[in-house]
Amino acid sequence: MAIDKVKAYFSEFGMEDRIMEMPQSSATVELAAQAVGCEPCRIAKTMSFLQGEKPVLIVTAGDARVDNKKYKAQFQKKAKMIPFDEVEGWIGHAPGGVCPFAVNDGVEVYLDDSLKRFDLVYPAAGSDNSAIGLNLEELEKYSGSQGWIDVCVY
């Protein structure tokens, strides 16, 4: 189970106790915000794309959406989301629990500037009823991101 991989990952840093498992679903931004008790914009949603045969994750604010022109300017490719039924195979987490932690080898992670408005954000933690509260420095460190990019509008 992917949440177990995420828990094991965060246990390396003594942080597994910060993972929240809720009795209700957190599979969408709205549901996650209700479950965590925060504004939807503070949910750090992780979107999965394919660039040829290379999987890429972009972590964005809950109220942001990927702008196709910005994406193409950043990556020199058209944005192509991974089909729903293929996400787990490419990333290592199923839809609803996709997060930038404990992903499959070769998956690149980027953080979108839309998150920089917040001191604390809540990405999923490998299941459709989990989250972890992280400040931006922690998100940057533990996601192993390639860096900050600007591909969203909000």
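This is a predicted model, so every value here is computed, not measured.
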Donor-acceptor contact below 3.5 Å, side chain [X] vs main chain [Y]:
X	Y	answer
E86	P83	no
H93	F101	yes
S26	S130	yes
K72	K78	no
R42	G62	no
S11	G14	no
R18	G133	yes
E88	D85	no
N135	D119	no

Value rounded to 0.5 Å, distance of [atom1] in [X] from [atom2] in [Y]:
X	Y	atom1	atom2	result
I58	Q74	CD1	CD	8.0 Å
C41	D63	SG	CG	5.0 Å
S114	K45	OG	NZ	8.0 Å
E138	L120	CD	CG	8.0 Å
I3	D128	CD1	CG	9.5 Å

Is the shortest side-chain heavy-atom distance between [X] and [Y] below 4.5 Å?
X	Y	answer
C38	Y122	yes
S25	N129	no
V107	V56	no
I132	P123	yes
T60	Y154	no
L134	M15	yes
Y9	E16	no

Worksheet item: Above 12 or not: heavy atoms from other molecules or residues under 6.0 Å from NZ of K141?
Response: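 For K141, atom NZ is not crowded (no more than 12 foreign heavy atoms under 6.0 Å).
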Discussion item. Counting neighbours of CD on E137 that are heavy atoms of other residues, nucleotides or ligands and sit closer than 6.0 Å, is the number greater than 12?
Written reply: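 No, because the 6.0 Å sphere around CD of E137 holds 12 heavy atoms or fewer from other groups.
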Worksheet item: Does a side-chain N-to-carboxylate-O contact under 4.0 Å join D17 and K7?
Response: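 Salt bridge: no.
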Worksheet item: How are the rings of F13 and F10 set to each other: parallel, tilted or perpendicular (split at 30° and 60°)?
Response: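 Perpendicular, since the angle between the ring planes exceeds 60°.
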Worksheet item: Checking side chain to side chain contact (heavy atoms under 4.5 Å, CB included) for the pair Q24/Q34: CA distance, chi angles, key distance, verdict?
Response: CA-CA 9 Å; Q24 70 271 41; Q34 290 172 6; 5.6 Å; no
Is there a path of hydrophobic side-chain contacts, each under 4.5 Å between heavy atoms of I/L/V/M/F/W/Y residues, joining [Y] to [X]?
X	Y	value
W90	V59	yes
V109	Y71	no
M20	V6	no
V66	V98	no
F75	M47	yes

Worksheet entry | Working for side chain to side chain contact (heavy atoms under 4.5 Å, CB included), residues N104 and K5 | CA-CA 11 Å; N104 290 343; K5 290 190 329 189; 4.1 Å; yes
Practice prompt. Return the minimal non-hydrogen interatomic distance between P55 and I91, and the atom names on each side.
Written response: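 Residues P55 and I91, closest heavy atoms: CB-CD1, 3.9 Å.
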Item to complete: List the atom of P100, the atom of L139, and the distance in Å for their closest heavy-atom pair.
Response: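 What the structure gives for the nearest pair is CG-CD1, 4.4 Å.
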Discussion item. If you apply the rule side chain to side chain contact (heavy atoms under 4.5 Å, CB included), what do you find for D150 with K70, and how did you get there?
Written reply: CA-CA 7 Å; D150 179 16; K70 287 183 169 187; 3.1 Å; yes
Item to complete: Dump the intermediate steps for ring-ring contact (aromatic ring centres under 6.0 Å, His included) on F49 and Y110, then the final yes or no.
Response: CA-CA 11 Å; F49 296 89; Y110 295 89; over 10 Å; no
